[in-house]
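To start, the structure itself, in structure tokens.
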There are 2 protein chains.
Amino acid sequence: MSKPAASPTKTQATPPPAEVNDNLTEAIELLFFGYRDFISDPDAILSAFEFGRAHHRVVHFVGRHPGITVAELLDILRITKQSLARVLRQLIERRFVEQKTGEKDRRQRRLYLTPEGAELLRRLVAPQRERVRKALDAAGPGAEDAWRKVMLALLNEENRPEVEHLITRDGK
Amino acid sequence: MSKPAASPTKTQATPPPAEVNDNLTEAIELLFFGYRDFISDPDAILSAFEFGRAHHRVVHFVGRHPGITVAELLDILRITKQSLARVLRQLIERRFVEQKTGEKDRRQRRLYLTPEGAELLRRLVAPQRERVRKALDAAGPGAEDAWRKVMLALLNEENRPEVEHLITRDGK
DNA sequence: GTATTTATGTCAGCCATGTTGACATATTTT
DNA sequence: AAAATATGTCAACATGGCTGACATAAATAC
């Protein structure tokens, strides 16, 4: 036995002790399992390109913010520029992302998806969109608003304005 | 500049193109950012023990399911036994987790938190509980139900029964 | 009662993706 | 001209995934 299995298991263990089992703990685990499955879709697609999740994140945010600068991308991803450089170099070499020197500030390298990059992004995001669409549907009308409120409230206070700005249509 | 910065940024980039910016894409990003902040709390605590997130997950699920077997834990975590072995060995060596030979099946090694392990878990989970509590509070009454419905619906169909079982008080 | 399967552990090596620290270059700002 | 900024790069290291191979003890099957 070497591969991670995925069979439903009746846990033989003792029931969870009451002091660690309330609705808050359940919510914590829902986040863990929900996120785990949520990011599971793109992995198969990525591995066909020999890319990883780090590449996915870069492609996602460059696609969302065409012309984003390296510094801005670093600020979103919260990784070091050395970490970013590795995946960014690969994406540029293989023509999924391209750089253009900033017009106003020629030190900047503004990032754009190539047509191939845009196509990759579409393929990566499609199953996630479908998953979220189904989930919001299944939870019924009104659930979406409540869900979003909770998700936003989970953020660190200091990140909330930035995230609200990032996820929102700029023209709104 | 070497550390990941955390300053709110007005993105200079073009507004997100309409075809990739709808409420589904926003939801996808809410999950990304929400999860990112959600797991940020425990990291500082862990590094003081020279533990990582992998240790956190083991301590969490052993705490939730005292007497869980190695196979069951592998099934929850979806990692290989070699990966688990590394962190489990450290947790056992440093007396945060202990093993007892199974009574019915003496091949099994049932896992339990020591008092130190339970104390570590409490410290790790406290900020997460607080975060979730505040978020559910802030979103108002009724939001909790909707939020949970959506999170459950995000799961892969085949995982839903298992997760429902795992997160639920067994006596319910 | 021997043979097989199961639960667990372990060694060795590889890969992806994070980290630090140091330094280089071009460009803008002071 | 000097300093600050945006970016890139080299080197080394840590964490936590992975595969493959093999070992042991206990349970189950024949």
Side-chain angles (χ1 to χ4, degrees), chain A residues 1-5 7 9 11-13 36 39-40 42-44 46-47 49-59 67-75 77-93 97-111, chain B residues 1-5 7 9 11-13 36 39-40 42-44 46-47 49-59 67-75 77-93 97-111:
Chain A
M1 179 174 122
S2 213
K3 254 189 217 156
S7 50
T9 314
T11 304
Q12 296 179 19
R36 181 191 68 178
I39 55 170
S40 70
D43 283 1
L46 286 162
S47 67
F49 290 83
E50 301 190 284
F51 285 146
R53 287 176 192 169
H55 303 88
H56 183 186
R57 291 194 283 270
V58 170
V59 168
I68 192 172
T69 65
V70 171
E72 289 166 350
L73 190 50
L74 285 174
D75 192 49
L77 297 176
R78 305 279 178 83
I79 57 176
T80 56
K81 65 175 172 173
Q82 296 93 326
S83 291
L84 175 58
R86 203 162 25 202
V87 295
L88 192 51
R89 193 185 320 125
Q90 294 164 354
L91 287 167
I92 291 169
E93 267 168 13
V97 169
E98 59 182 6
Q99 295 175 307
K100 293 182 189 162
T101 297
E103 295 199 350
K104 288 198 328 207
D105 185 337
R106 297 171 38 76
R107 289 170 305 181
Q108 294 177 338
R109 296 296 123 84
R110 289 170 166 284
L111 303 174
Chain B
M1 179 175 123
S2 210
K3 254 191 216 156
S7 50
T9 313
T11 305
Q12 296 179 18
R36 182 192 68 178
I39 55 169
S40 69
D43 283 1
L46 287 162
S47 66
F49 290 83
E50 300 190 284
F51 286 147
R53 286 177 193 168
H55 303 88
H56 183 186
R57 291 194 283 271
V58 170
V59 168
I68 193 173
T69 66
V70 171
E72 289 166 350
L73 189 51
L74 286 174
D75 192 51
L77 298 176
R78 303 279 178 83
I79 58 177
T80 57
K81 66 174 172 174
Q82 296 93 326
S83 293
L84 175 58
R86 206 162 23 200
V87 295
L88 193 51
R89 193 185 319 124
Q90 294 164 355
L91 286 168
I92 291 169
E93 268 168 12
V97 170
E98 59 182 6
Q99 295 175 308
K100 293 181 189 164
T101 298
E103 295 200 348
K104 286 196 335 208
D105 185 337
R106 297 173 36 78
R107 290 171 306 181
Q108 294 177 337
R109 296 296 123 84
R110 290 170 166 283
L111 303 173

Just how far, in rounded Å, is [atom2] of [N] from [atom1] of [X]?
X	N	atom1	atom2	result
A:F51	C:dA16	CZ	P	12 Å
B:D105	C:dT8	CG	P	8 Å
A:L74	C:dT19	CG	P	10 Å
B:L88	D:dG16	CG	C1'	14 Å
B:I68	C:dA7	CD1	P	14 Å
A:H56	C:dG18	NE2	C1'	19 Å
A:E50	D:dC18	CD	C1'	15 Å
A:R89	D:dG8	CZ	C1'	9 Å

side-chain N/O [X] vs [N] OP1/OP2, d < 4.0 Å:
X	N	answer
A:T80	C:dG18	no
B:Q99	C:dT8	no
B:S83	D:dG16	no

What about A:Q82, does its side chain sit under 3.5 Å from the base of C:dG21 through a donor-acceptor pair? yes
What about A:R78: does its side chain form a donor-acceptor pair under 3.5 Å with the base of C:dG18?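 No such pair is found, so the answer is no.
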Which nucleotide, [options], lies nearest any side-chain atom of [X]?
X	options	result
A:R107	D:dC22, C:dT17, D:dA4	D:dA4
A:K81	C:dT10, C:dC23, C:dT8	C:dC23
B:R106	D:dT7, D:dA26, C:dT19	D:dA26
A:H55	D:dG16, C:dT17, C:dG18	C:dT17

Any base atoms under 4.0 Å from A:R86, or only sugar-phosphate, or nothing? Heavy atoms, all strands. base
What contact category does B:Q90 fall into here, base, sugar-phosphate, or nothing, at under 4.0 angstrom with non-hydrogen atoms? nothing
Considering non-hydrogen atoms only, spot the tightest contact between A:P42 and A:H56 and give its length. CG-CE1, 3.5 Å
Take B:L88 and B:L111 through the test side chain to side chain contact (heavy atoms under 4.5 Å, CB included) and record every step on the way to the result. CA-CA 10 Å; B:L88 193 51; B:L111 303 173; 4.2 Å; yes
Nearest-0.5 Å distance, [atom1] of residue [X] to [atom2] of residue [Y]:
X	Y	atom1	atom2	answer
A:I79	A:L73	CD1	CG	7.5 Å
A:R53	A:D43	CZ	CG	4.0 Å
B:Q99	B:T69	CD	OG1	11.5 Å

Reading DNA chain C from 5' onward, which residue's closest nucleotide shows up sooner: A:E103 or A:G52? A:G52
